[in-house]
Amino acid sequence: MSELDDLLRNNREWAERIKQEDPGFFKRLSQQQSPRYLWIGCSDSRVPANQILGLDPGEVFVHRNIANLVVHTDLNCLSAIQFAVDLLKVEHILIVGHYGCSGVHASLTNRRVGLADNWLRHVGDVAQKHAALLEQVETDSLRHARLCELNVIEQVSNVCQTTMLQDAWARGQKVSVHGWVYSLFDGRVRQLGIDVDNADQLVSAYQNAVAAVKPQGDRHE
């Protein structure tokens, strides 16, 4: 039996188990999608949005890419944000990085990985912007962790500056943006102190979050 046969068998067993536990589950799922949350996270297979949040399918709208970046020329990500905000009316956008991110590490250490180097240049820009802070960090592992945090903070700022969020806030739509980081070591999510409910909050929220990123850090990476 091939690996794909294993996956198909797993799918059948999962579907049967769900139907036994909740006979109406798939009928409800097929009728509507009404998530309150948009998760923008890393493509890393160890960071599954629904499981981390303890939510069922249909409860979180998900966009993932390497190093959880929000780039203003990335129509894929921008389209996901627009769909989530304008059509699904999500109330919370979660930018979720994770400690140990290999994309962030490759950028931090200038390791060439191929075509993705061009994508990870955006993380390199974050590292350059906060070079003075990162230079104060004594160990490579902590420097990696601090850049993971700073990268999330920058992506929150990028989301808040999109036309979709600016327009939503201008028309009084209730939607907020949050920066989180997930730890592979204990499965816990840490808040980074950047939560933005309207355009006027961005500057102070950004400044406070960056100021809270200490060189030695007290978060449990």
Side-chain angles (χ1 to χ4, degrees), residues 37-44 47 49 52-53 62-74 77-78 80-81 84-85 90 92-109 119-137 140-162 164-166 169 175-184 188-221:
Y37 313 98
L38 166 61
W39 169 292
I40 299 177
C42 184
S43 297
D44 193 305
V47 191
I52 289 172
L53 299 179
V62 177
H63 176 81
R64 298 171 70 173
N65 60 52
I66 299 173
N68 45 270
L69 293 170
V70 177
V71 179
H72 292 298
T73 54
D74 178 14
C77 182
L78 296 182
I81 295 172
V85 172
V90 298
H92 301 277
I93 298 176
L94 312 172
I95 315 300
V96 188
H98 67 98
Y99 294 120
C101 180
S102 56
V104 171
H105 188 262
S107 183
L108 180 65
T109 58
W119 178 253
L120 293 174
R121 179 62 255 167
H122 298 288
V123 182
D125 292 342
V126 175
Q128 287 185 345
K129 183 175 182 178
H130 299 283
L133 188 156
L134 293 171
E135 287 173 0
Q136 299 176 52
V137 182
D140 292 341
S141 61
L142 279 179
R143 193 173 301 112
H144 183 193
R146 295 295 84 83
L147 184 53
C148 289
E149 296 167 356
L150 291 166
N151 184 51
V152 168
I153 293 169
E154 291 295 336
Q155 306 320 310
V156 169
S157 177
N158 288 345
V159 170
C160 292
Q161 295 179 71
T162 62
M164 290 77 73
L165 266 294
Q166 292 291 316
W169 284 330
V175 56
S176 55
V177 188
H178 314 272
W180 292 357
V181 63
Y182 170 73
S183 174
L184 298 168
R188 299 288 297 275
V189 167
R190 272 82 180 179
Q191 296 174 295
L192 293 178
I194 183 164
D195 302 277
V196 184
D197 298 322
N198 58 66
D200 295 335
Q201 292 181 350
L202 176 58
V203 173
S204 61
Y206 173 87
Q207 293 173 342
N208 292 337
V210 171
V213 179
K214 305 298 184 182
Q216 298 309 312
D218 56 3
R219 300 186 181 98
H220 301 287
E221 295 82 6

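Numbers here simply count residues along the sequence, with the first being 1. The shown structure was predicted, so the numbers you read here are calculated from the model rather than taken from an experiment.
- Atom CD of Glu154 is separated from atom CD1 of Ile194 by 8.5 Å, given to the nearest 0.5 angstrom.
- Atoms CD1 and OH, on Ile153 and Tyr206 in that order, are 7.5 Å from each other to the nearest 0.5 Å.
- Among residues two or more places apart in sequence or in another chain, the salt bridge (Lys or Arg N to Asp or Glu O under 4.0 Å) test is passed with Asp195 by none.
- A donor-acceptor distance shorter than 3.5 angstrom exists from the side chain of Ser204 to the backbone of Gln201, with no hydrogens or angles considered.
- When the shell of 6.0 Å around CZ of Arg121 is examined, it contains more than 12 heavy atoms from other residues, nucleotides or ligands.
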Verdict with reasoning, Trp169 to Asp200, per side-chain contact (heavy atoms from CB on, under 4.5 Å): CA-CA 10 Å; Trp169 284 330; Asp200 295 335; over 6 Å; no
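- Here Gln207 contributes atom CD and Leu202 contributes atom CG; the two are 9.5 Å apart, rounded to the nearest 0.5 Å.
- Note that CD of Gln136 and CG of Leu142 are 13.0 Å apart. Values are rounded to the nearest 0.5 Å.
- When each of Val126, Ile95, Leu108 is checked for a side-chain contact (heavy atoms from CB on, under 4.5 Å) with Asn151, only Val126 meets the rule.
- Taking NE2 from His144 and CD from Glu149, the interatomic distance works out to 11.0 Å, rounded to the nearest 0.5 Å.
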Verdict with supporting geometry, Ile40 and Ile81, side-chain contact (heavy atoms from CB on, under 4.5 Å): CA-CA 9 Å; Ile40 299 177; Ile81 295 172; 4.0 Å; yes
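- Residues Gly41 and Asn68 come closest through the heavy atom pair C-CB, 3.5 Å.
- Here the side chain of Ser107 pairs a donor or acceptor atom with the backbone of Gly124 at under 3.5 angstrom.
- Of all heavy-atom pairs between Val96 and Val152, the closest is C-CG2, 4.5 Å.
- Taking 4.5 Å as the limit, some side-chain heavy atom of Val189 sits within range of a side-chain heavy atom of Tyr182.
- Ala67 approaches Val123 most closely through the heavy-atom pair CB-CG2, 3.9 Å.
- The backbone N or O of Val181 sits nowhere less than 3.5 Å from a side-chain atom of Arg190 that would complete a donor-acceptor pair.
- Put simply, the side chain of Arg64 gets close to the backbone of Asp44: a donor and an acceptor are under 3.5 Å apart.
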Trace of the side-chain contact (heavy atoms from CB on, under 4.5 Å) decision for Trp119 with Val71: CA-CA 9 Å; Trp119 178 253; Val71 179; 3.8 Å; yes
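- For Ser176, the side chain to side chain contact (heavy atoms under 4.5 Å, CB included) partners are His92, His178, Asp197, not counting sequence neighbours.
- At a threshold of 4.0 Å, the pair Lys129-Asp125 does not count as salt-bridged, since none of the basic side-chain nitrogens sits closer than that to a carboxylate oxygen.
- Between atom OG of residue Ser43 and atom NE2 of residue His63 there is a gap of 7.5 Å, rounded to the nearest 0.5 Å.
- Nearest heavy atoms, Val137 versus Arg143: O-NH2, 2.6 Å.
- In this structure a side-chain-to-backbone donor-acceptor pair under 3.5 Å is missing from Gln191 to Gly179.
- When atom types are taken as modelled, the side chain of His98 and the backbone of Cys148 share no donor-acceptor pair closer than 3.5 angstrom.
- Of all non-hydrogen atoms in Val62 and Ala49, the two that sit nearest each other are CG2-CB, 3.9 Å.
- Looking only at side-chain heavy atoms (C-beta outward), Leu53 and Leu94 come within less than 4.5 Å of each other.
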Test side-chain contact (heavy atoms from CB on, under 4.5 Å) applied to Ile93 and Leu165, step by step: CA-CA 10 Å; Ile93 298 176; Leu165 266 294; 3.7 Å; yes
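- Between Leu38 and Ala80, the shortest heavy-atom distance links the atoms CD2-O, 4.4 Å.
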